[in-house]
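What follows is a set of notes on a single structure, which appears directly below.
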Amino acid sequence: MDGIFNMDGENESSSSFPIGKTPQEKGMSHVPKCYMVSSSQRPNLNNPEVARVPLVDLAGMNDDSERRSIIIQDIAEACRRNGFFQVINHGISQEILDAAISAAFGFFDLPTEDKEKFMSNDVFKPVRYGTSLRDGEDKVQFWRVFLKHYANPLSDWIKLWPQNPPDYRQKMGNYAEEEQKLAMNIIGLITEGLGLGPTYLSKKWEEGVNVMAVNSYPPCPQPSLALGLPPHSDYSILTIVLQSSLGLEILDSEDGQWRVVPHLKGTLEVHVGDHLEVLSNGLYKSAVHRVTLNSEKARVSVASLHSLGMDEKIDTAKELVDEEHPKGYKESSFTDFLKFLSENDLGQGKRFLMTIKNN
Ligand code: OGA
Ligand code: NI
């Protein structure tokens, strides 16, 4: 396909493009200007450093109290360090993981007409398809195509999900159901590690929002000039990511270096989000991450972002505030984040966290 849809001579900085014929998907021979990130943001793809990501074995987390307390300590340590860890023996079968990845590829491989029905820049829509962060609106565009849909409670939302490919709902739904349970288990381990007890968030978590960001990063002709997603932290309490191949990088808070997250079959990535930083009064920092590209193969990921209910405010746990540790954050909700998202250009380094941090 290389070159066939070359944008040469076309209006490269045009802020809108035909849906489904997005530059990301067209097989262009070079990256148009509006996708080029500033030189300081460009990734080093030649000698990428692989991260030493804590791998937490969750086997026995709910039926062996000795194991459970080790797991809690491992997770607490990872959360304090970089707000990032991988999990294995999490209880979701390889078959379900593979099916979710295949459903994601299946959706993005559909003809344009099937996808454009969901196209919207309205961040308040519970199901929407788009590219970059805000299609055409932001200063720099990112090499990503996405479908976002709500997933909790599944029975309320699944009927709004794509009906094509025909097995999409079943495959992605099975994963969503299992992932929701896993996230609930992990947040229990986290709140217990914070000394708040395993059920501190359970009730509100059940009524919480789970936004599934199903991401596609098509091959990029000049991967060193563009990014799939800019450096950001997630607004969520926690995010669980399933990926098809390498591409996710995390910022090591100790030395400020970007490191590639290893791709280990069967593992899932867990990120501390802004709302967990708030809850923990800054004891846990939200993980700063970005997505890099390659010129060979498309990558997909499914990021499940968990927060409390739409308008339910999350605040710092009062148990974690004292004279020595004054309250560092303001309360906020998922809706507050959506409002921020609709009004700000995240590619330019704006962080939701900065709006809820006391100075
Ligand atoms: C996100 C995200 C990571 C990835 O959707 O917020 O960071 O690997 N995704 O796609
Ligand atoms: Ni993210």
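Here the structure is a predicted model, which means the values were calculated and not measured. Ligands are counted one by one from 1 in listed order, and the atoms in each one are counted from 1 as well.
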Next item on the list: Over 60° means perpendicular and under 30° means parallel, so classify the ring planes of H149 and W161, tilted if in between.
Entry: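 Geometry flag for H149 against W161: parallel rings.
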
Notebook entry, point to check: For the rings on F352 and F337, is their centre-to-centre separation under 6.0 Å?
Noted result: yes

Determine whether any heavy atom of [X] lies closer than 4.0 Å to an atom of ligand 1.
| X | answer |
| --- | --- |
| E269 | no |
| Y217 | yes |
| H289 | yes |

Note to self: I'd like the name of whichever of R144, M212, K148, H232 reaches closest to atom 6 (O) of ligand 1 through any heavy atom.
What the structure shows: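 Considering heavy atoms of R144, M212, K148, H232, the nearest to atom 6 (O) of ligand 1 sits in H232.
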
Protein contact of [atom] - nearest heavy atom, named by residue and atom, plus distance:
| atom | result |
| --- | --- |
| atom 4 (C) of ligand 1 | S301 OG, 3.3 Å |
| atom 5 (O) of ligand 1 | N215 ND2, 3.2 Å |
| atom 1 (C) of ligand 1 | L229 CD1, 3.7 Å |
| atom 8 (O) of ligand 1 | R299 NH2, 2.7 Å |

With a 4.0 Å cut-off on N to O distance, would you call [X] and [Y] a salt bridge?
| X | Y | result |
| --- | --- | --- |
| D336 | K313 | yes |
| K181 | E178 | yes |
| R81 | D252 | no |
| R259 | E249 | no |

Note to self: Within the 4.0 Å heavy-atom shell around A303, which atoms of ligand 1 are there?
What the structure shows: 5 (O)

Next item on the list: Using a strict 4.0 Å cut-off to heavy atoms of V291, name the atoms of ligand 1 that fall inside it.
Entry: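 With V291 as reference, the close atoms of ligand 1 come out as 3 (C), 4 (C), 8 (O), 10 (O).
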
Item checked: Metal site the Ni ion (ligand 2): N/O/S of H271 inside 2.8 Å -> no

Note to self: I need the minimum non-hydrogen distance between L276 and I237, along with the two atoms involved.
What the structure shows: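 Where L276 meets I237 most closely, the heavy atoms are CB-O, 3.2 Å.
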
Check: So, for L320 and S280, which heavy atoms are closest and what is the spacing to 0.1 Å?
Finding: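 The answer is CD1-CA, 3.7 Å.
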
Next item on the list: Look only at the side chain of N281 and the backbone of H325, and say whether a donor-acceptor pair between them is shorter than 3.5 Å.
Entry: yes

Next item on the list: Inspect the surroundings of CD in E77 and state if more than 12 heavy atoms from other residues, nucleotides or ligands are less than 6.0 Å away.
Entry: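 12 or below, so no.
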
Note to self: With a heavy-atom distance limit of 4.0 Å, tell me whether Q243 approaches ligand 1 through its side chain, its backbone, both, or neither.
What the structure shows: neither

Notebook entry, point to check: How does D234 reach ligand 1, if at all, at less than 4.0 Å between non-hydrogen atoms: by side chain, backbone, both, or neither?
Noted result: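 It is the side chain that touches ligand 1; the backbone stays farther off.
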
Notebook entry, point to check: Hey, does H271 come in under 3.5 Å of ligand 1, counting only N/O atoms on both sides?
Noted result: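 No: no nitrogen or oxygen of H271 is under 3.5 Å from one in ligand 1.
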
Notebook entry, point to check: With the Ni ion (ligand 2) as the point of reference, which N/O/S atom of D234 is the closest?
Noted result: OD1

